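All of these numbers come straight from a predicted model, not from anything done at the bench. Residue numbers start at 1 and run along the sequence shown.
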Amino acid sequence: MMKVTRLEQTAAIRLLFYLHDKKESKTGEIVHNLKGTHSQNTIYRALNVLMELGLVEEVLDPPRRIFRLTTKGQQVLEKLMEVEAILSS
């Protein structure tokens with residue numbers, strides 16, 4: 001299976017854009033801001049997929065979990081932004 005198909009996970013791409021805009025975010029903030037369009041379980045699954053792919057990293061600051069894009073995640077997001085620009089033109 002191609003790894004890019006893992007981004008088909010509902011909320012994964014939206015989560016990449018969200019973390020790009022926020023720079024980093026706590027779990028509760030992510031759920032609060034994306035819950036209108038995705039369930040909490042979907043958001044947690046997307047976070048796990050993104051971490052497995054090395055696109056997002058988790059920073060533990062007990063009791064908080066903070067997530068941010070990795071360098072690889074930033075590179076992938078830049079390509080997704082190029083695709084968005086092409087589709088929008």
Side-chain angles (χ1 to χ4, degrees):
M1 176 195 319
M2 296 185 320
K3 289 192 178 196
V4 72
T5 60
R6 306 236 12 236
L7 293 179
E8 291 177 340
Q9 165 73 37
T10 305
I13 292 175
R14 176 174 236 142
L15 189 48
L16 285 174
F17 278 94
Y18 174 81
L19 288 174
H20 174 264
D21 291 343
K22 296 293 184 183
K23 306 300 180 220
E24 64 180 31
S25 189
K26 294 181 269 189
T27 310
E29 293 170 346
I30 295 169
V31 170
H32 175 76
N33 286 293
L34 298 182
K35 197 167 183 180
T37 53
H38 301 290
S39 73
Q40 187 170 342
N41 286 337
T42 298
I43 295 166
Y44 284 121
R45 280 195 307 271
L47 278 169
N48 286 328
V49 165
L50 294 172
M51 286 190 295
E52 288 171 8
L53 291 172
L55 304 180
V56 169
E57 65 184 353
E58 177 183 19
V59 179
L60 294 176
D61 183 19
R64 297 174 292 177
R65 296 171 64 199
I66 299 171
F67 296 91
R68 61 181 172 217
L69 294 179
T70 61
T71 301
K72 185 177 176 181
Q74 184 63 40
Q75 292 169 339
V76 168
L77 181 67
E78 288 169 8
K79 298 300 181 187
L80 290 170
M81 292 170 90
E82 289 176 25
V83 170
E84 178 63 24
I86 292 168
L87 293 173
S88 296
S89 63

E29, R14, Q40 screened by side chain to side chain contact (heavy atoms under 4.5 Å, CB included) with L34, the one that passes: R14
Answer whether the closest heavy-atom distance between the side chains of H20 and M81 falls below 4.5 Å. yes
Can you list the steps and then say if E24 with V59 is a side chain to side chain contact (heavy atoms under 4.5 Å, CB included)? CA-CA 10 Å; E24 64 180 31; V59 179; 5.8 Å; no
With side chains defined as the heavy atoms from C-beta onward, is the minimum distance between R65 and L60 less than 4.5 Å? yes
L69 pairs by side chain to side chain contact (heavy atoms under 4.5 Å, CB included) with which of L55, L50, V56? V56
Assess the residue pair S88 and E84 against the criterion (side chain to side chain donor-acceptor pair (under 3.5 Å)); give the C-alpha distance rounded to whole Å, side-chain angles, the decisive distance to 0.1 Å, and a yes or no. CA-CA 6 Å; S88 296; E84 178 63 24; 3.2 Å; yes
Looking at side-chain heavy atoms only, is the closest gap between I66 and S25 below 4.5 Å? no
What is the distance from atom CD of E82 to atom CG of L77, rounded to the nearest 0.5 Å? 10.5 Å
To the nearest 0.5 Å, what is the distance between CG on N33 and NZ on K35? 12.5 Å
Walk me through whether L15 and F67 qualify under side chain to side chain contact (heavy atoms under 4.5 Å, CB included). CA-CA 10 Å; L15 189 48; F67 296 91; over 6 Å; no
CG of L53 to CG of L16: how many Å apart, nearest 0.5 Å? 9.0 Å
Please test L80 against F17 for side chain to side chain contact (heavy atoms under 4.5 Å, CB included), starting from the C-alpha separation and ending with a verdict. CA-CA 9 Å; L80 290 170; F17 278 94; 4.1 Å; yes
I'd like to know if the side chain of T70 and the backbone of G54 have a donor-acceptor N/O pair within less than 3.5 Å. yes
Please assess Q74 against T71 for the test side chain to side chain contact (heavy atoms under 4.5 Å, CB included), listing each intermediate value before the final yes or no. CA-CA 5 Å; Q74 184 63 40; T71 301; 5.7 Å; no
Contact between E57 and R68 at the side-chain level, heavy atoms closer than 4.5 Å - yes or no? yes
